[in-house]
Amino acid sequence: MIQAIAFYLFATVTIASAALTISSRNPVHSVLWLILAFFNAAGLMVLAGAEFIAMLLIIVYVGAVAVLFLFVVMMLDIDVAEMRAGFVRYLPLGLALAVALLAEIVIGIGAYGAGGIELAARTAPAAQPVPNIQALGNLLYTRYLFIFEVAGLVLLVAMIGAIVLTYRKRGGVRPQSIPRQNARRPEDATRNVNQPIGVGVEL
Amino acid sequence: MDYATNLLLTLPELVLSIGAIILMLVSAWGGQGSTRAVSWTSVAIVGGALIALAGPASGGGVAFEGLFRADAFAAFAKVLIYVAAAIAIVMAPGFFERTSGDDLRPEYPVLVLLSAAGAGIMVSAGDLLTLYVGLELQSLASYVLATFMRRDARSAEAGLKYFILGALASGILLYGISIVYGFSGTTLFEGIAAAYAVPSAELSKGLLFGLVFVFAGIAFKLAAVPFHMWTPDVYEGAPTPVTALFATAQKVAAVALGVRVAIEAMGPALFQWRQIVIFAALASIVLGAVAAIGQQNIKRLLAYSSINNVGFALIGLAAGTPEGVSAVLTYMAIYIAMTMGSFLVVLQMRDHDGTPVESIASLSGMSRTRPALAAALAIFMLSLAGIPPLFGFWSKFVVFDAAVQAGLLPLAAIGIALSTIGAYYYLRIVKTMYFDEPAGSFPPVTSRIEGGLIAASAVFLFPVGWFLIVPLGAWSLTAARSLF
């Protein structure tokens with residue numbers, strides 16, 4: 001019973017926040033809704049018995065991608081003062097959201113403790129005693145090794161592409177030359193002078 | 001089968017990707033000065049991949065437990081892809097020398113190699129995952145190549161448009177893949193075919209949805225109507241050698257991928273996807289022909305021509321028989337000769353100070369100023385129009401023949417009728433060259449290689465091709481049989 005409740009809760013919130021992601025007018029809010037959607041998707045993954053993917057969703061999508069989005073969005077020209085003005089007004093809504101998230105966590109953990117829902121038969125065929133990561137690694141580095149390698153090539157192309165499209169040689173800059181620095185001896189740069197009195201310094 | 005035997009089946013891809021990685025290191029240290037050496041070495045690497053294809057890589061083996069198929073079909077498509085990629089590398093230095101924007105950098109041949117490797121993985125895919133990863137490798141390299149002239153606003157626009165729409169298409173395709181996986185429980189083509197092998201009435205809605213999305217994603221990569229919108233802008237803005245690569249290697253890869261998914265993975269659902277393919281085919285033929293009429297830019301015109309030609313190729317796929325697939329392969333082989341030739345001629349269109357020109361009006365009276373080049377372009381255009389003594393006629397004939405034999409007589413009849421619309425704009429170019437007053441002349445062809453390639457493609461289309469009908473037909477039929 002609790003599994004079904006948790007499933008519908010996570011699923012509803014995922015869909016609702018996904019809808020709000022694309023319909024919200026303020027891009028910062030959009031990103032925040034997106035993060036909520038990711039959290040709930042992670043909850044669904046936990047229910048399906050794929051705890052590793054759930055953690056990955058949180059770490060990669062929420063931790064890196066969404067935060068990156070947030071930075072990009074914040075560089076857009078948005079009137080911050082106007083947004084601040086609504087803070088108190090929207091405080092109850094924010095608190096309600098926080099409570100909803102907390103409730104989800106509690107229910108989710110309860111549901112996890114009660115065992116996976118019926119979905120598990122299909123989506124998580126890994127034998128029970130084998131942890132997710134081990135099962136995934138077993139497949140990734142044996143059966144799917146070829147695809148894994150090609151995915152590496154895709155990333156290589158992305159890297160070459162980024163450099164090809166943005167790198168340009170700039171004139172008039174003085175880059176650091178470490179070999180030249182190391183090869184320089186004290187006598188090249190300094191000299192001992194016995195300075196006579198009353199004579200100007202020779203530079 | 002141990003790992004080394006598996007790897008041996010992917011030898012052409014190994015040669016290309018390892019070669020590309022080594023050349024990338026060479027170009028990183030060699031800098032701008034190494035461009036020439038890297039270009040020629042990469043042509044040699046493509047040649048090496050072609051030789052590697054002769055070994056077990058075309059022997060019909062299945063590698064990595066079904067993920068990768070090294071059969072005759074993949075080998076046929078790979079030969080076309082590699083030849084087109086090699087020509088795209090060869091034609092680049094001349095083009096970049098003449099443009100005022102950026103110079104050719106050694107990354108160009110490296111990216112072409114990686115794109116060819118991706119295309120090879122695409123056509124050999126035996127699993128939806130391999131399909132997607134290969135497609136992404138090929139597309140990602142293409143996005144960068146389209147933007148290669150960074151200082152040219154049109155090139156940047158082409159790359160950006162291509163990237164955004166390509167990402168959208170990948171999303172659609174992935175959505176379809178995830179639905180198909182969800183309802184069939186496997187990503188292997190064999191397993192998916194088994195899931196589709198139920199009577200039409202019992203086919204689950206989910207599998208049908210997945211099929212539609214997968215076909216929509218592939219139609220985008222094919223530039224088939226209604227997913228063709230990006231093509232004219234991208235083809236116009238990208239540097240000409242890159243456009244030639246898109247119109248040939250990429251097109252062959254996408255068509256071969258579509259055929260493999262349709263026949264191998266979703267073959268039992270022939271009745272379902274045939275409707276999609278027939279619609280896309282007829283719509284592409286009509287739109288490709290009608291929209292091309294008003295074009296003033298030769299590259300845009302060739303973009304619409306490629307949309308039009310994909311329509312004809314899809315008629316062969318709609319037949320869904322080994323003969324139909326063999327007709328598609330023959331069509332693509334002849335199509336890349338015609339298209340590569342046309343782009344090589346476009347490359348020769350330039351002012352006396354060397355700036356490339358792309359307007360159709362500048363071709364006026366070329367028969368008097370540059371008779372040989374005009375004759376070659378006339379051969380390519382008439383051949384694309386499918387006018388009989390030229391080899392382009394044969395490609396259309398086999399496609400329609402396959403459709404008729406599969407009982408799709410109305411489709412073939414409509415296709416033949418629509419091909420006359422397309423003939424109009426191809427003939428208009430011939431008319432401009434032969435009957436209009438000269439508008440100024442182009443300088444002579446300076447590169448012997450480009451001149452030789454133009455002559456070779458023209459001679460292939462008439463008369464050499466006609467002598468090759470039997471071997472080409474036999475080879476493409478063997479390739480097609482390997483799918484069934």
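Lettering of chains follows the sequences in order, A, B, ..., and the numbering in each one begins at 1. Computed from a predicted model, the values in this text were never measured in an experiment. Values below: every heavy atom of this structure, side chains too, minus hydrogens, waters and symmetry copies.
The greatest number of non-hydrogen atom pairs below 4.5 Å with chain A, out of Val144(B), Val110(B), Leu145(B), is found for Val144(B).
Neither the backbone nor the side chain of Ser139(B) comes within contact range of chain A; no heavy atom of the residue lies under 4.5 Å from a heavy atom of that chain. Leu129(B) touches chain A through backbone and side chain together, each having a heavy atom under 4.5 Å away. The contact between Leu140(B) and chain A is made by backbone and side chain atoms together, counting heavy-atom distances below 4.5 Å. If you measure heavy-atom distances from Tyr143(B) to chain A, you find no contacts under 4.5 Å at all.
If you take CG on Asp127(B) and CZ on Arg143(A), they are separated by 7.0 Å, rounding to the nearest 0.5 Å. Atom CE in Met24(B) sits 5.0 Å away from atom CG in Leu156(A) (nearest 0.5 Å). Expressed to the nearest 0.5 Å, how far CD of Glu136(B) lies from CG of Leu153(A) amounts to 13.5 Å. One finds the CZ atom of Arg105(B) at 11.5 Å from the CD1 atom of Ile163(A) (value rounded to the nearest 0.5 Å).
When all heavy atoms of Phe146(A) and Tyr3(B) are compared, the pair lying nearest together is N-OH, 4.3 Å. Heavy atoms only, all atoms of each residue included: Arg150(B) and Leu165(A) are closest at CD-O, 3.1 Å.
More than 12 non-hydrogen atoms from other residues, nucleotides or ligands lie less than 6.0 angstrom from CZ of Arg154(B). When the shell of 6.0 Å around CZ of Phe163(B) is examined, it contains 12 or fewer heavy atoms from other residues, nucleotides or ligands. In Gln32(B), the CD atom is crowded: over 12 heavy atoms of neighbouring residues, nucleotides or ligands sit closer than 6.0 Å. Enclosure of atom OH in Tyr61(A) is not indicated, since only 12 or fewer non-hydrogen atoms of other residues, nucleotides or ligands lie within 6.0 angstrom.
Inter-residue side-chain proximity for Phe64(B) and Leu145(A) is flagged as unmet; no heavy-atom pair is nearer than 4.5 Å.
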